[in-house]
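The structure appears right after this line, and notes come after that.
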There are 2 protein chains.
Amino acid sequence: MPPKVLIVDDEPNIVSTLAPLLRTRGYEVSTAMSGRAALETVEREKPDLIVLDLGLPDVDGVEVCRTVRETMNVPIVVLSARGAEGDKVRALDLGADDYVTKPFGSEELLARIRAALRRREAPPASQPLVRGGLVIDRERFRVVRDGEEVRLTPKEFELLTFLARHPGRVLTHQTILKAIWGANAVDQPEHLRVLVGALRKKIEPNPSSPKYILTEPWVGYRFADV
Amino acid sequence: MPPKVLIVDDEPNIVSTLAPLLRTRGYEVSTAMSGRAALETVEREKPDLIVLDLGLPDVDGVEVCRTVRETMNVPIVVLSARGAEGDKVRALDLGADDYVTKPFGSEELLARIRAALRRREAPPASQPLVRGGLVIDRERFRVVRDGEEVRLTPKEFELLTFLARHPGRVLTHQTILKAIWGANAVDQPEHLRVLVGALRKKIEPNPSSPKYILTEPWVGYRFADV
DNA sequence: CGATTTTCTTACGGACTCTTTACGCCTTTC
DNA sequence: GAAAGGCGTAAAGAGTCCGTAAGAAAATCG
């Protein structure tokens, strides 16, 4: 499954240069030429990475960056005109992962894209996962729900981080069992049932109608999208 | 006068990413791509902070760390590849201030740089660690709790400094065992239990409900924040 | 070499976690 | 409509970890 990249830029020749180049490198590419179109496309396509120009006609690029960051955890590589240091800094502070200054070499941009995707695959344990009202700090082995700390056992913590790392994605029983208990336990779903119950009792505001850990009957479990 | 930062790394794309990023944040940046060049530049530029990759072609990063520390008191933030725990521990023991694991987020590194500089500004000379009512003087090998000196054995002192260097962060049994007793002792947690008990008895006002050295059940220990 | 300090080893009670089992409820299947 | 099996929950037993004490071994010092 090739990574999906969304290119957001209002200059036609940039888009018409980048898009085919990325396609020849094996990416699935979609484009947007305004801030509004970008937000819609992000919502619909859920790209794995966004290349975002900061100088957009309608909605500001920095604004796009922040809006996207509020709901998704997708890496963003910012394009900025030489000299607009302030915008770059703001974008980085809002969570952009990298930036490239125009004019730029294709290979440089490609290298940054590869790096950002790689980074996102194996996120450093130092930055906490934030999912809705949940903050999962893997460095401190701590979970905070709506401001108050929740004490989890190691297994519970393992399960939570595993699920929360793939929000919105359905993970089968087999997959989860293999990840938490090892390949020998794939035929013991009762482990999973009990552990999910215990975890929900601790992190769900209302365990009987879960908000975070959703059941996908006959398939597995799913961590809610944000 | 902006702080001068020296970046030492042999990977060109790391240098070419970090240098401009730091410049946009107002730092004066110089770079070196080998251990020898690093030592020369340190001598010439006298930077306020060094970002040091451990995997260098000629002179080892750990070696650079020690050499610099012999003559100067400049804070060092170490970059290390994921998994090279031993190097990290050695570098920290040789006086590095903090470390970041590759791959890392720009914001994380910037935060560590800011923290290291801030830390270095506050106490003028070779600074003891101050954590709440505890003062840990690594040069004089002394610990003072609430004004009165506490006598620690070498192992106790090692453990205390190791934990206190990362306040708030959970250090696993494995990590601590490796740092204090070496890699052979990772499967002997009883050592750690006994040593923690002895240390608590000396530095904790109430050893049965610890204030500084907190237990993270089934995971490890954590030095309390501040 | 002997005395003292430090470190290592072992053992055990208490607390907690993990696994296993059982049962009621619900949805699907026949 | 009945049987089968997934799902959630509770509870008991087994296993593990933590803190502590006490003695043995090793290192340090005079």
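Proteins come first, then strands; the chains are lettered A, B, ... in the order of their sequence lines, and each starts at number 1.
Contact check of residues 150-158 of chain A against DNA chain D (heavy atom, cut-off under 4.0 Å) returns no residues at all. At a non-hydrogen distance threshold of 4.0 Å, nothing from residues 197-210 of chain A comes into contact with DNA chain C. Annotation: proximity of residues 185-196 of chain A to DNA chain D (heavy atom, distance under 4.0 Å) is found for A:R193, A:V194, numbered in ascending order.
Nucleotides of DNA chain D lying under 4.0 Å from heavy atoms of chain A occupy a range whose first and last members, 5' to 3', are D:dG6 to D:dA10. Taking a heavy-atom distance under 4.0 Å as the criterion, the stretch of DNA chain C touched by chain A extends 5' to 3' from C:dT17 to C:dA22.
Between the side chain of A:R23 and the main chain of A:V29, a donor-acceptor pair closer than 3.5 Å is present. Within the 3.5 Å criterion, the main-chain N or O of A:E63 finds a donor-acceptor partner in the side chain of A:T67. Without hydrogens or angle criteria, A:K4 side chain to A:E45 main chain gives a donor-acceptor distance under 3.5 Å.
You'll find the side chain of A:L199 stays beyond 4.5 Å of the side chain of A:Y212, heavy atoms only. No side-chain heavy atom of A:Q188 sits less than 4.5 Å from a side-chain heavy atom of A:W181. B:I213 is listed as a side-chain neighbour of B:I203, based on a closest heavy-atom distance under 4.5 Å. A heavy-atom distance below 4.5 Å is found between the side chains of B:L39 and B:V64. In this structure, the side chains of B:V51 and B:I113 come closer than 4.5 Å at one or more pairs of heavy atoms. Using a 4.5 Å cut-off on side-chain heavy atoms (C-beta onward), A:V68 and A:I76 make contact.
Remark: B:N184 engages no residue in a side-chain hydrogen bond (donor to acceptor under 3.5 Å, both in side chains) (not counting sequence neighbours). Scanning for side-chain hydrogen bond (donor to acceptor under 3.5 Å, both in side chains) contacts around A:S34 gives an empty result, with sequence neighbours left out. Residues forming a ring-ring contact (aromatic ring centres under 6.0 Å, His included) with A:Y27 (at least two apart in sequence, or on another chain): none. Not counting sequence neighbours, B:R145 has no partner by the side-chain hydrogen bond (donor to acceptor under 3.5 Å, both in side chains) test. A:R151 meets the side-chain hydrogen bond (donor to acceptor under 3.5 Å, both in side chains) test with no other residue; sequence neighbours excluded.
Sorted by first then second residue, the side chain to side chain donor-acceptor pair (under 3.5 Å) pairs that include residues 190-205 of chain A, not counting sequence neighbours, are A:E156-A:K202, A:R200-A:T215.
Note: A:F157 and A:F141 have tilted aromatic rings, judged against thresholds of 30 and 60 degrees for the angle between ring planes.
An angle of 40°, rounded to 10°, separates the two end axes of the helix from C:dC1-D:dG30 to C:dC30-D:dG1, each defined over five pairs.
When all heavy atoms of B:I176 and B:L171 are compared, the pair lying nearest together is CD1-O, 3.6 Å.
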